[in-house]
Enquirer: 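Dropping the structure in here first, questions after.
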Amino acid sequence: MGEKFTAVEIATVCQSLLTGEMDPWQAAEFLQIFFTGHGYGLSHDAALQAATVMESSGCNEEIVRRELNRLALVV
């Protein structure tokens, strides 16, 4: 199983979450839009959980990569 997202995409997600001044619901919506733009579906609950994990890690790029790849398994 290869990487589904580029380093630039992961950095963009990190930067958006850190500097976007989003509350958790807005962060989840951002992730849903990101996934839709890449041809994946994502429930709001899964997006909310992932956004919480990503933000609580300080948007550590390895954790963000892991979460994005985990969520992009099946459409």
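For the numbers below, each heavy atom of this structure counts, side chains included, while hydrogens, waters and symmetry mates do not.
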Enquirer: For A47 versus A28, what's the shortest heavy-atom pair and its separation?
Expert: CB-O, 3.4 Å

Enquirer: Can you measure from OG (S16) to CE (M22) and round to the nearest 0.5 angstrom?
Expert: 5.5 Å

Enquirer: Take atom CD of E9 as the centre, draw a 6.0 Å sphere, and report whether it contains more than 12 heavy atoms from other residues, nucleotides or ligands.
Expert: yes

Enquirer: Measure the CZ-CZ distance between R70 and R65 for me, rounded to the nearest 0.5 Å.
Expert: 15.5 Å

Enquirer: On a heavy-atom basis, which atom in C14 and which in C59 lie closest, and how many Å separate them?
Expert: SG-O, 3.2 Å

Enquirer: With side chains defined as the heavy atoms from C-beta onward, is the minimum distance between H38 and K4 less than 4.5 Å?
Expert: no

Enquirer: Give a yes or no on whether the backbone of D23 and the side-chain of Q26 come within a donor-acceptor separation of less than 3.5 Å.
Expert: yes

Enquirer: Testing the basics here: between Y40 and A72, what is the closest heavy-atom pair and its distance to 0.1 Å?
Expert: CE2-O, 3.2 Å

Enquirer: Taking all non-hydrogen atoms of both residues, which atom of S43 and which atom of Q32 are closest, and how far apart?
Expert: C-NE2, 3.5 Å

Enquirer: Say whether V64 and V53 are linked into one hydrophobic cluster, either directly or through other cluster members, by side-chain heavy-atom distances under 4.5 angstrom.
Expert: no

Enquirer: Testing T12, L68, L42 for side chain to side chain contact (heavy atoms under 4.5 Å, CB included) with F34, which one passes?
Expert: L68

Enquirer: Do L17 and F30 touch side chain to side chain, with heavy atoms closer than 4.5 Å?
Expert: yes

Enquirer: Could you tell me whether the side chain of E67 reaches within less than 4.5 Å of the side chain of L31, counting heavy atoms only?
Expert: no

Enquirer: Are L48 and L71 linked, directly or through intermediate hydrophobic residues, by side-chain heavy-atom contacts shorter than 4.5 Å (ILVMFWY only)?
Expert: no

Enquirer: F35 and I63: same hydrophobic cluster, using ILVMFWY side-chain contacts below 4.5 Å?
Expert: no

